Visitor: 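To start, I am sharing the structure in question, which I have written as structure tokens.
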Amino acid sequence: MGKNYFKGDLHHYEIGIFGEKIQVEVSFDNITPAWRPNLTIYYGNNEENNFSWLPATPRDHAKVKITADGQEQNLEGDCYHDHNWGDVALMKVMNHWCWDRANIGDYTVINSYMTTEKKYRSTVMQKFRFSC
């Protein structure tokens, strides 16, 4: 990865991408703290596969510096970062899904609505979080 990096601790993150013609440096800090929903989903007759999701930064404030062809631009605004893990690809077990996020004043709303493949009984799973 060379000089490139992505590091953080659920409160503050830094990303650096350094190409020959473009460099991008991003830092973001939590506005809404990380949320650990009980969202590990098990699949198979013996629950041998799993998929998990964590909104690591439901709402952050980001600062971005982009340098391209010697010209620098600075941007900032709200951002979002989540993390998925498990031992099965989401597209193999989910028929369709929708993850929504909205900032309404001081409040952050996150909704996930997922429907599994027919082989997993087309189960509907919904998680909702409202925080400030």
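These figures come from a predicted structure and were not determined experimentally.
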Visitor: Measure the spacing between CD of Glu20 and CD1 of Ile22 and express it to the nearest 0.5 Å.
Guide: 12.5 Å
Visitor: Can you give me every donor-acceptor pair (side chain of residues 64-74, partner residue at least two apart or in another chain, under 3.5 Å) with its distance?
Guide:
| residue | atom | partner | partner atom | Å |
| --- | --- | --- | --- | --- |
| Glu72 | OE2 | Asn74 | ND2 | 3.2 |

Visitor: Below 4.5 Å, heavy atoms only, C-beta onward: do Asp60 and His81 meet side chain to side chain?
Guide: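 Not touching, per the 4.5 Å side-chain cut-off.
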Visitor: How many angstroms lie between atom CH2 of Trp99 and atom CG of Asn84, to the nearest 0.5 angstrom?
Guide: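 That separation rounds to 4.0 Å.
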Visitor: What's the verdict on side-chain contact (heavy atoms from CB on, under 4.5 Å) for Met114 and Trp53, showing C-alpha distance, side-chain angles and the deciding distance?
Guide: CA-CA 12 Å; Met114 301 173 287; Trp53 169 68; over 6 Å; no
Visitor: Determine the interplanar angle of the Phe28 and Tyr13 rings, folded into 0 to 90°, and report it as parallel if under 30°, tilted if 30 to 60°, perpendicular if over 60°.
Guide: parallel
Visitor: Transitively linked via ILVMFWY side-chain contacts under 4.5 Å: Leu90 with Tyr42?
Guide: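 Each belongs to a different hydrophobic cluster.
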Visitor: Does the side chain of Tyr5 reach to within under 4.5 Å of the side chain of Phe18, using non-hydrogen atoms?
Guide: yes
Visitor: Are Met125 and Phe51 joined in one hydrophobic group, where the rule is that I, L, V, M, F, W and Y side chains link up if heavy atoms are under 4.5 Å apart?
Guide: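 Same cluster.
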Visitor: Hey, quick one: are Leu54 and Tyr113 part of the same hydrophobic cluster, counting side-chain heavy atoms closer than 4.5 Å, chains of contacts allowed?
Guide: no
Visitor: Partners of His83 by ring pair (Phe, Tyr, Trp, His ring centres under 6.0 Å), sequence neighbours excluded?
Guide: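 Residues passing ring pair (Phe, Tyr, Trp, His ring centres under 6.0 Å) with His83: Trp85.
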Visitor: Under 3.5 Å, is there a donor-acceptor pair between the Asp29 and His12 side chains?
Guide: yes
Visitor: Would you say the side-chain atoms of Asp9 pair up with the backbone N or O of His11, donor to acceptor, closer than 3.5 Å?
Guide: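 Yes.
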Visitor: Distance check, rounded to the nearest 0.5 Å: Lys92 atom NZ versus Tyr120 atom OH?
Guide: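 That separation rounds to 9.5 Å.
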Visitor: So, taking the atom named NZ in Lys63 and the one named CD in Glu14, what distance separates them when rounded to the nearest 0.5 Å?
Guide: 12.0 Å
Visitor: Before giving the answer on side-chain contact (heavy atoms from CB on, under 4.5 Å), spell out for Ile31 and Asp78 the whole-Å C-alpha distance, their side-chain angles and the decisive distance to 0.1 Å.
Guide: CA-CA 9 Å; Ile31 295 171; Asp78 286 350; 3.7 Å; yes
Visitor: What's the spacing between Asn30 CG and His61 NE2 if we round to 0.5 Å?
Guide: 13.0 Å
Visitor: Output, in order, the C-alpha distance, side-chain angles, deciding distance and verdict of side-chain hydrogen bond (donor to acceptor under 3.5 Å, both in side chains) for Tyr80 and Asp82.
Guide: CA-CA 7 Å; Tyr80 168 87; Asp82 67 9; 3.1 Å; yes
Visitor: Would you indicate whether the side-chain heavy atoms of Tyr43 and Met94 approach each other to under 4.5 Å?
Guide: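 Answer yes - side chains close enough.
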Visitor: Just to verify, what does Glu76 make a salt bridge (charged side-chain N to carboxylate O under 4.0 Å, His left out) with, not counting sequence neighbours?
Guide: none
Visitor: Of all heavy-atom pairs between Ile110 and Pro55, which one has the smallest distance, and what is that distance?
Guide: CD1-CB, 4.0 Å
Visitor: Heavy atoms only: give me the nearest Ser122-Thr115 pair and the separation to one decimal.
Guide: O-CG2, 3.7 Å
Visitor: How close do Thr108 and Pro58 get, counting heavy atoms only, and between which atoms?
Guide: CG2-O, 3.9 Å
Visitor: I'd like to know if the side chain of Thr123 and the backbone of Thr116 have a donor-acceptor N/O pair within less than 3.5 Å.
Guide: no
